[in-house]
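Comments concern the structure below.
In what follows, chains are A, B, ... by sequence order, proteins preceding strands, each numbered from 1. Quick caveat: nothing in here was measured; it's all calculated off a predicted structure.
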Amino acid sequence: MAMEDDMFRNLKEKPVTIQFPYEHVEPVEGVRAKVSWDIDKCIGCRLCVTICPGNAIQLVGRGRQAEIKYNVGRCILCGECVDVCPTKAIYATKEFEIVFNNRRGMITHFRRKKRKRTS
Amino acid sequence: MTFEIPFGPQHPALEEPINFMFEIEEERVVNVKPRLGYVHRGIEKIAENRNYQQLVYLSERICGICSFAHALCYSQVVEELLDLKIPERAKFIRTIVAEMERIQNHYLWLGLTAKEMGFETLFMYAWRDRETIIEMLDMISGKRVNYGMSTIGGVRRDIPEPMIKRMEESLNHLEARAEYYTKVCTKDPSILKRTVGIGILRPREARALCAVGPTARASGIPRDVRADEPYAAYGEIPFKVVTYRGCDVASRMYVRIDEIKESIKIIRYALKNMPEGPIRVKAPMRVPEGEAISRVEAPRGENLHFLKSNGTDKPERWKIRAPTLANLLSLCRMLMGVNLADIPVVIAGIDPCIACAERIALIDAKTKKLKVWEGKDLWRYANEWYRKRYGL
Amino acid sequence: MVSEEIWALIQIFLFPGFFFLFFLAFFTEWVDRKIVAKFQNRYGPLHVGPKGVLQPIADFIKLLSKEDITPRMADKVPFNLMPVLLLSLAITPLFCIPIVGSNALVSFEGDLIVIMFIMSLIAVLVFIGGWASTNRFSTIGSIRAGLQLFAYEIPMNLAMIGPAIAAGSLSISKIVDWQIHGFWNLFIQPVGFAVLTISLMAHLQRVPFDIPEAESEIVSGWIVEFSGKKLALIRLAKDFEFVLASALIVSLFLGGPYGPWYISPIIYLAKFFICVFILSNLRAAFARYRIDHLLAGAWKYLTPLALLQIFLIKVLGV
Ligand code: SF4
Ligand code: SF4
C-alpha cells in the first residue's frame with residue numbers, strides 16, 4: 001500500500017512507454033551503430049581487420065586495390081575500426097535498426113569504382 | 001511426503017538456465033542440488049585465439065549487465081602485465097562509469113526481485129527509473145549496454161562539460177527515486193512480509209562460504225574490493241561501505257538501495273574533482289611473458305580475472321571468476337528450510353547471473369588432477385556408464 | 001401471451017442475459033487491464049479496436065484456435081470437463097443479480113445461499129482441475145487453491161450474510177430493494193464491506209492472493225496444463241467471476257440499480273465500474289502474500305471482524 005501516492009499521480013500522467021515501431025527516438029550524438037566505408041580512401045593496411053573483435057571485416061585483394069567485405073551479422077558495433085583507420089576511410093552511421101531475413105543480405109561488399117588506369 | 005521439484009533450467013522466475021532440484025516437504029525445502037552447465041559458452045577457450053585488443057570486447061560480453069566491471073578487470077590485468085601507467089582522468093572516468101553501472105544493476109535487481117514477489121507495479125517503476133541511468137550511459141558511451149568504454153591503457157571516450165550538467169539533473173532524479181524506494185521497501189507491509197527473516201545467511205556462514213558483494217555486506221561483513229584494495233580512482237574518493245546486519249533478503253534489498261545513494265555521491269564527487277588531461281595511452285600489441293590477477297567490485301560482488309601471457313599477442317590462459325560462482329554455495333545454504341513460495345525471492349536475492357558463472361572443469365577427487373576430456377572420451381564414458389547401470 | 005414470452009427470451013439472451021454478460025465480461029477485463037496499466041505508467045492493450053477494447057475478445061478467439069493438448073498422464077474426464085463446468089458455474093449466479101430495476105431474472109428466497117454454494121463449488125472445481133492434470137506444479141497449485149478456500153470462505157460468507165440479516169431476507173433482489181428504501185449497506189456495515197472485498201480478492205485469485213497460480217513460483221499453478229480451448233474457457237470463466245464479484249459488492253453494499261428501467265442499468269454500471277476500479281487498484285498495490293500469511297491473516301483478522309460485524313448488526317439493530 002505504500003505506493004498508492006505514486007500510483008495515483010501516474011493515473012494523470014502520460015505513460016512513459018515508447019511505442020517502438022510507430023514512435024522513434026532520435027539516436028544520441030555519437031551512438032555506436034553500423035559502420036560504413038569510403039572505399040576510395042582505403043589503402044589496404046589491414047589494421048581494421050586485425051582489431052575487429054567480431055572478425056566482421058574481410059579484405060579482398062591487396063594494397064590500394066583492396067576491397068572490403070563487411071558482415072553486419074558479426075559486427076558488435078564497437079567502433080574500434082573507425083578509431084583505428086589511418087586514412088579515415090571508415091565512418092560511423094546512425095543506423096541501429098539492423099534486421100535481415102537472409103544471411104547474404106548482411107554482407108556488404110564495398111567496391112572501388114572502376115577507374116581507367118593511366119600508366 | 002517429500003517430493004522433488006525441478007526449478008529450471010527453463011522457469012519463468014529465473015531469467016537464466018540453471019537447474020535446482022528441490023526436495024520439498026510440505027512446502028519446505030529440505031535439500032537443494034544446483035546443476036550448472038546449460039549455458040557454457042567457452043569464453044576462456046575463445047580467448048586463446050584472439051589478441052588482447054579484441055578480448056576487451058569479449059570480456060564485456062561475459063555478462064550483459066555488469067559488462068563494464070569485466071572489461072575494467074580485464075584491462076587492469078593487461079595493464080599490470082604491460083606495466084602501463086594510465087592517465088588520472090581515465091581512472092576517474094572508469095570510476096564514474098563503474099558506479100553508473102552499479103546504479104543501473106541495482107535498479108534492475110530491485111525490479112526483478114519485486115517481480116519475484118509478485119509486485120508488478122514496483123517492477124515497472126524500478127525499470128522505468130533505470131531508463132534514466134541507461135540514457136545517461138548511452139549519452140556518454142554511445143551504447144545502452146556493453147558500453148565499450150574501457151580499453152587497455154585508458155578509456156575510449158571523454159566526458160565533456162555539457163554532459164556533466166545533464167548528468168547532474170539525472171542524478172538528482174535518481175537520488176529522489178532511491179529515497180522513495182527506501183520508503184516503500186521499509187513501509188509496505190506486503191514487501192516486509194515477503195523479505196524480512198527470509199533466506200538467512202549468518203555472518204559466520206557467510207565468511208565460511210566466501211560470500212561476496214552485497215550478499216556478504218547484508219550479513220554484516222564489510223567486504224568490498226573498492227575499499228579493501230582500491231583500484232581506479234577509489235583510493236581518492238571518500239565513500240562508505242554499506243552494511244546491514246539483518247542477514248535476510250530485506251537487508252540485501254536495503255544494502256542495494258543504499259549503495260545506489262552512495263554511488264550517486266561517488267559520481268558527484270568524481271565529476272567535481274576530475275583532473276584534466278589525456279584519457280588514453282597507447283598500448284603495445286604484444287604482452288611480455290608473465291602472470292597477473294586483478295580484482296574489481298562488480299555490482300554483484302567481487303570479480304576476479306587471472307591472465308597468463310606467453311610473449312605473443314594472444315594470451316595463454318585467461319581465468320574468470322564471476323561473483324555468482326562465489327555466491328552459489330551461500331545460496332544453497334540460504335535455501336535450506338525456506339518455504340517453496342520464497343525460493344524465487346531468495347534466489348533473486350543474490351542477484352544471480354548464471355551465464356557469468358559457467359565454467360567447467362572436471363576434477364578427479366582422488367588424484368586431484370584436472371582432466372581434459374575430448375568428445376571421444378565423453379562418448380566412451382557415457383557408453384560405459386550405461387553398460388554398468390543397465391547391464392547391457 | 002406470446003409477446004411476453006418473446007420479452008422473456010430477449011431478457012435471457014440479449015439484455016441483461018447472455019449477450020450483455022459476455023460483453024460485460026470482456027469489457028471488464030479490458031477496463032481492469034487498462035487501469036492497472038495506467039497505475040503502472042504503461043499503455044495496456046492498445047491496438048485491437050479503439051484503444052484496444054477488443055483485445056480480450058481477440059485473445060479469446062486466438063486461444064480458441066490454438067492446439068488443445070491433453071497430457072497423457074492426466075485424468076481425462078475431469079480434466080476435459082472442468083473448464084466447461086467452471087464457465088457454466090461462473091455464469092449461473094449472474095442471473096440472480098438485479099441489473100435492470102430491483103428484480104433479477106431469476107429471483108427466489110435463498111438465492112444468496114445458492115451463490116455462496118456455487119462460489120465454493122468453483123474453488124473445489126479449481127482443485128479438481130489442478131489435481132487431474134497431474135503436473136507437479138498444478139498439484140501444488142491445486143493444494144494451495146484448496147487451502148485458500150479454507151482461509152477466505154468463512155469470512156466471505158459471513159460478510160455476505162450481514163446485509164441479509166439487516167434486510168431480513170436471503171434474496172438478493174429483496175436486499176437491493178431494502179437498500180433502495182433505506183440506507184446503503186456500505187454506510188451501516190463498513191467492516192463487512194472491507195472483509196468482503198478482501199476475501200473476494202482471494203476468491204478471484206488476484207494479485208496479493210494469486211497464490212494458487214503464482215506465476216514466478218509455480219508457473220501459473222493449476223492452470224499450467226490447460227491449453228487451447230480449455231484455457232480460453234477458463235479465462236472467460238475468470239472474467240465472469242470478476243464480474244460476479246463486483247456485481248455482488250454492488251448489490252449487497254452499494255444499493256444496486258434504482259430508478260426507472262432506462263436509468264437503472266446506467267447507475268448500476270457506474271457503481272459496478274467503481275468496484276472494478278477498487279479491485280484493480282488493490283491488484284496493483286501489493287506484493288503476493290504467502291499461503292501461510294493468508295491463512296493466518298484470514299483466521300486472525302478477517303473472521304473475527306466479520307463476526308464482529310454480525311454481532312453489531314444483531315445487538316445494535318442497525
Ligand atoms: S565496429 Fe567493431 S565489430 Fe564492427 S566492424 Fe568495426 S571493429 Fe569490427
Ligand atoms: S584500416 Fe582503413 S585503410 Fe586500413 S584496410 Fe581498414 S579501411 Fe582500409
Side chain from CB out, backbone as N, CA, C, O: work out which of these in C:Tyr289 comes under 4.5 Å of a heavy atom of chain B, or both, or neither.
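Both backbone and side chain of C:Tyr289 come within 4.5 Å of chain B.
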C:Asp292 versus chain B, the contacting section by heavy-atom distance below 4.5 Å:
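Contact with chain B: side chain only.
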To the nearest 0.5 Å, how far apart are CD in C:Gln40 and CZ in B:Arg128?
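Result: 10.5 Å between the selected atoms.
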Part of B:Ile198 lying under 4.5 Å from any heavy atom of chain C
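For B:Ile198, the side chain is the part near chain C, not the backbone.
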Looking only at heavy atoms, which two atoms of [X] and [Y] are closest? And how far apart?
| X | Y | result |
| --- | --- | --- |
| B:Ser190 | C:Ala287 | OG-N, 3.0 Å |
| B:Phe119 | C:Phe286 | CD2-O, 3.4 Å |
| C:Arg288 | B:Arg194 | O-NH1, 2.8 Å |

Tell me if a side-chain donor or acceptor on B:Thr121 pairs with a main-chain N or O of C:Ala284 at a distance below 3.5 Å.
yes
Are B:Asp342 and C:Arg290 close enough that some pair of their side-chain heavy atoms sits under 4.5 Å apart?
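With C-beta onward as the side chain, the pair touches.
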Counting neighbours of [atom1] on [X] that are heavy atoms of other residues, nucleotides or ligands and sit closer than 6.0 Å, is the number greater than 12?
| X | atom1 | answer |
| --- | --- | --- |
| C:Lys51 | NZ | no |
| B:Lys193 | NZ | no |
| C:Trp30 | CH2 | yes |

